Amino acid sequence: MLMIYASVIDDAAELRRFEKIFYMYRYQMFFVANKILNDEHEAEDAVQNAFMGIAQNIKSLPTDDKRVVRAYTLTAAKNAALNLLPQKQRRDMQLDIDEVDIADDEDVFDRVAASEDMETISRAIEKLPDIYGDVLLLHCVCGLGVEQTALMLGRKKATVKKQITRARKLVVKLCIEEGMVFEHGENNVGV
C-alpha cells in the first residue's frame, strides 16, 4: 500500500515518519475530502493525491508537533479535494461515462486496443486522469491482476475494478471522439 509513496522518499527515517502520518491521519483526511466531494471514490483519489504531495515534501514538513502535522495533512486533503472538485463538476455536467452505450461491450475496448491506430490510442490514454491511466497501465499493459493492481496503487480492489471499467470506457469514448472507426458486430462504431 505504501510502496508507491515510499518510492519518492529516500531517507529511512523520513519513510518511518511518513508511515506514522499515513496510519494516523488517513481516515480523517478521507472524511475531509469526502465532505467536499460527496463521493467516496473521488475522496479516495483526493487522499491519495494528498499523500503523494506529503511524501514528496516530507523533508519540509514543519515539525513533529501532532497538532501542526494534523492541520497540515487535513489541509492537504482539503486542497486535493478542492483540486478535484472542478473536474468532478465538469464530469457531472457531461454525459456519464457509464451511460455510453457503445462502451458497455467489453469487446469494444479490445477492438480499440487491437487497432493499428496507436497514435489515436496514445492520445486518448494521455488524456485520461492519472487515477484511470495508472490502473490501465498496470492492469491492461503490464498484465497485473485486479488484486495486484490494487496492492500496487494502495487502493481497494472494488475501487480498482470500477476504475478499470471507467478507464476502458473513457479510452473508447476518446478514440471515437478522435475519429476512430472500428467494427462492432454488424455496425460500425464511431464517427
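Please read these numbers as outputs of a predicted model, since none were measured by experiment. We're numbering straight along the sequence, starting at 1.
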**OP:** Look up atom CG in D10 and atom CG in L15, then write down how far apart they are to the nearest 0.5 Å.
**Re:** 10.0 Å

**OP:** Please round to the nearest 0.5 Å and tell me the distance separating atom CD1 of I9 and atom CD of E19.
**Re:** 8.0 Å

Subject >> Atom pair CG/OG1 of L170 and T165 - distance to nearest 0.5 Å >> reply: 11.0 Å

**OP:** Just do the side-chain contact (heavy atoms from CB on, under 4.5 Å) check on I21 and I58 with the steps written out, would you?
**Re:** CA-CA 10 Å; I21 291 168; I58 192 75; 4.0 Å; yes

Original post:
Between I36 and L84, is any pair of side-chain heavy atoms under 4.5 Å apart?
Top reply: no

**OP:** Kindly compute the distance separating CG (L74) from CE (M29), expressed to the nearest 0.5 Å.
**Re:** 7.0 Å

**OP:** Just say parallel, tilted or perpendicular for the rings of F22 and F51, cut-offs at 30° and 60°.
**Re:** tilted

Subject >> Minimum heavy-atom distance between A81 and L37, given as atom pair plus value >> reply: O-CD2, 3.4 Å

Original post:
Do any pairs count as a side-chain hydrogen bond (donor to acceptor under 3.5 Å, both in side chains) and have a residue in residues 48-58, sequence neighbours left out, and if so which ones?
Top reply: Q48-R155

Original post:
Is a donor on one side and an acceptor on the other found under 3.5 Å between the side chain of R166 and the backbone of Y132?
Top reply: no

Original post:
At their closest point, which heavy atom of F30 faces which heavy atom of E40, and how far apart are they?
Top reply: CE1-O, 3.5 Å

Subject >> More than 12 heavy atoms from other groups under 6.0 Å of CD on Q28 >> reply: yes

**OP:** State plainly whether one hydrophobic cluster holds both Y23 and F18, where clusters connect Ile, Leu, Val, Met, Phe, Trp and Tyr through side-chain heavy atoms under 4.5 angstrom apart.
**Re:** yes

**OP:** Report yes if the side chains of V69 and T73 come closer than 4.5 Å at any heavy-atom pair, otherwise no.
**Re:** yes

Original post:
So, do L174 and E177 sit near enough that their side-chain heavy atoms are less than 4.5 Å apart?
Top reply: yes

Original post:
Do H139 and R168 come within less than 4.5 Å of each other through their side chains, counting heavy atoms only?
Top reply: yes

Original post:
When you measure from the side chain of D39 to the backbone N and O of N34, does any donor-acceptor pair fall under 3.5 Å?
Top reply: no

Original post:
Do I54 and Y72 have side chains that get closer than 4.5 Å, going by heavy atoms?
Top reply: yes

Subject >> Verdict with reasoning, K66 to Y25, per side-chain contact (heavy atoms from CB on, under 4.5 Å) >> reply: CA-CA 10 Å; K66 285 185 179 181; Y25 299 108; 3.9 Å; yes

Subject >> Pair E14-R17, salt bridge (Lys or Arg N to Asp or Glu O under 4.0 Å): steps then yes or no >> reply: CA-CA 5 Å; E14 295 295 342; R17 182 176 182 214; 3.7 Å; yes

Original post:
Looking only at heavy atoms, which two atoms of V160 and V135 are closest? And how far apart?
Top reply: CG1-CG1, 4.3 Å

Subject >> Smallest separation among heavy atoms of V47 and A33, with atom names >> reply: CG2-CB, 4.2 Å

